[in-house]
Engineer: 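One structure, as structure tokens, below. Some questions next.
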There are 2 protein chains.
Amino acid sequence: MSQSNQQIYIENFLHRCREIGLNITPQRMAIYKALLNDDSHPNPEAIYQSITPEYPTISMATVYKTLETFARYGIISMVTTLHNTVRYDPITKRHHHIVCVRCKKVIDLLDQDLDSIKIPNKIKKNNQLINYSVHFNVICPECKGK
Amino acid sequence: MSQSNQQIYIENFLHRCREIGLNITPQRMAIYKALLNDDSHPNPEAIYQSITPEYPTISMATVYKTLETFARYGIISMVTTLHNTVRYDPITKRHHHIVCVRCKKVIDLLDQDLDSIKIPNKIKKNNQLINYSVHFNVICPECKGK
DNA sequence: CTAGGTGCAAAGCATTTGCCTCACT
DNA sequence: AGTGAGGCAAATGCTTTGCACCTAG
């Protein structure tokens with residue numbers, strides 16, 4: 001993500017936190033920034049690793065609690081893929097995922113057409129739709145080459 | 001699932017096992033049947049529970065190993081949702097999921113339109129597409145009522 | 001000042017592994 | 001005899017919880 005884009009995200013983040021009443025702590029800033037700087041949909045462990053150089057005393061519990069809090073308020077989103085650890089994504093607007101079934105890599109996909117697929121009547125009639133996303137399971141070029 | 005439909009699935013199952021060279025054991029039959037009889041996308045624990053009356057000595061390890069084996073050969077499929085336990089589904093052909101974000105219920109959705117969405121060029125060009133599915137996150141009627 | 005946040009350690013579960021036994025070729 | 005499968009128990013690993021201390025607002 002570009003520097004200027006990051007700035008916008010960070011300002012948005014601060015604004016949302018104040019709005020909700022979440023204290024802005026150095027740890028929370030660090031966790032949010034770590035997410036912005038990592039487009040691989042890191043899991044809590046990976047975020048923890050990327051923060052420890054700067055905050056050697058931060059604990060995994062804090063990372064878990066913080067991510068959970070952010071996700072609960074929609075500041076970040078949870079991504080679940082074909083493997084079992086939860087991953088997080090700072091992009092909360094509608095987007096889709098390409099998951100390589102071999103190396104488990106997750107790539108974001110922004111696509112106008114997919115954003116406006118026809119919502120089946122069955123869903124519209126009975127449920128309150130929160131969001132939807134399309135998961136593509138693929139073998140990526142690198143894995144295919146092997 | 002209707003009785004006659006189940007029969008077809010079971011015969012298919014037996015056929016696939018023989019083809020692959022998997023021994024057909026009472027435990028494996030029981031696990032597969034449990035999956036057929038439960039359209040709630042059960043997790044290993046739930047499958048274990050539904051089998052114990054008939055097979056009191058079966059172990060969780062067997063359930064895990066068996067499900068993993070079935071999934072590896074494409075006999076059943078793994079479903080991952082917005083919560084963290086893995087769930088399984090005997091239906092391996094393309095279908096989509098409605099997940100209630102409150103009660104975590106998962107409902108299968110068969111939909112012609114969704115089966116033929118436009119695959120983005122970005123994917124077609126670089127990757128070998130295995131499958132895709134659409135996840136709808138909703139608040140279901142029961143939860144909305146509360 | 002004080003509610004909310006952090007960090008540590010322990011607990012809790014889901015899942016996996018190792019290994020021995022058994023059944024069927 | 002040898003291979004594949006099952007069952008038990010232990011290990012692993014991710015995630016959550018409880019609690020005492022601390023800090024941002």
Engineer: In whole angstrom, give the distance that lies between atom CD of Glu68(B) and atom P of dT15(C).
Structural biologist: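 Rounding to the nearest Å, CD of Glu68(B) and P of dT15(C) are 12 Å apart.
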Engineer: Could you tell me the separation between the NZ atom of Lys65(B) and the P atom of dA14(C), rounded to a whole number of Å?
Structural biologist: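 Nearest whole value for this atom pair: 19 Å.
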Engineer: Taking only residues two or more places apart in sequence, or in another chain, which ones meet Lys118(A) in a side-chain hydrogen bond (donor to acceptor under 3.5 Å, both in side chains)?
Structural biologist: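 Expected list: Asp113(B).
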Engineer: Would you check if the distance from the ring center of Tyr32(A) to the ring center of Tyr9(A) is below 6.0 Å?
Structural biologist: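 No, they do not, as the ring centres are separated by 6.0 Å or more.
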Engineer: For the side chain of Gln27(A), counting heavy atoms from C-beta on, which of dG25(D), dG7(C), dG7(D) is nearest?
Structural biologist: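 Among the listed nucleotides, the one closest to the side chain of Gln27(A) is dG7(C).
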Engineer: Quick one: is Thr25(A) getting a side-chain N or O under 4.0 Å of the dT6(C) phosphate, OP1 or OP2?
Structural biologist: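 Thr25(A) to dT6(C) OP1/OP2: side-chain N or O found under 4.0 Å.
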Engineer: Would you kindly give the CD1-to-P distance between Ile47(B) and dT15(C), to the nearest whole Å?
Structural biologist: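 In whole Å, dT15(C) P and Ile47(B) CD1 are 11 Å from each other.
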Engineer: Tyr64(B) has a side chain; which of dC19(C), dA5(D), dT16(C) sits nearest to it?
Structural biologist: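 Nearest to the side chain of Tyr64(B) among the choices is dT16(C).
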Engineer: In Å, rounded to the nearest 0.5 Å, how long is the span from CD1 of Ile58(A) to OG1 of Thr52(A)?
Structural biologist: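 Between Ile58(A) CD1 and Thr52(A) OG1, I get 9.0 Å after rounding to 0.5 Å.
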Engineer: Can you check the Ile24(B) CD1 to dG4(D) P distance for me, whole Å?
Structural biologist: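 In whole Å, dG4(D) P and Ile24(B) CD1 are 15 Å from each other.
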Engineer: Are His96(A) and His135(A) an aromatic pair, judged by ring center distance below 6.0 Å?
Structural biologist: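 No, ring centres 6.0 Å or more apart.
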Engineer: Between C1' on dG4(D) and CZ on Arg18(B), what's the gap in Å once rounded to a whole number?
Structural biologist: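 The answer, rounded to whole Å, is 17 Å.
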Engineer: Whole Å only: how far is the CG atom of Asn43(B) from the P atom of dT16(C)?
Structural biologist: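 The answer, rounded to whole Å, is 13 Å.
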Engineer: What is the distance from CG of Leu67(A) to C1' of dC14(D), rounded to the nearest Å?
Structural biologist: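 Interatomic distance, CG of Leu67(A) to C1' of dC14(D): 14 Å.
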Engineer: Show the nearest heavy-atom pair for residues Pro141(B) and Asn127(A), with the distance to one decimal.
Structural biologist: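 Closest heavy-atom pair between Pro141(B) and Asn127(A): CD-OD1, 3.1 Å.
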Engineer: Between P on dT6(C) and CE on Met29(A), what's the gap in Å once rounded to a whole number?
Structural biologist: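 Spelled out: CE on Met29(A) to P on dT6(C) is 13 Å.
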Engineer: Heavy-atom nearest nucleotide on DNA chain D for Pro26(A) versus Ser59(B): which residue maps closer to 5'?
Structural biologist: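 Looking at the nearest nucleotide for each, Ser59(B) comes out on the 5' side.
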Engineer: Counting only side-chain N and O atoms of Thr62(A), is one of them less than 4.0 Å from OP1 or OP2 of dG7(C)?
Structural biologist: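 Checking dG7(C) against Thr62(A), a side-chain N or O does come within under 4.0 Å of OP1 or OP2.
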Engineer: Which nucleotide, dG25(D), dG7(D), dA5(D), lies nearest any side-chain atom of Asn23(A)?
Structural biologist: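 For the Asn23(A) side chain, the nearest candidate turns out to be dG25(D).
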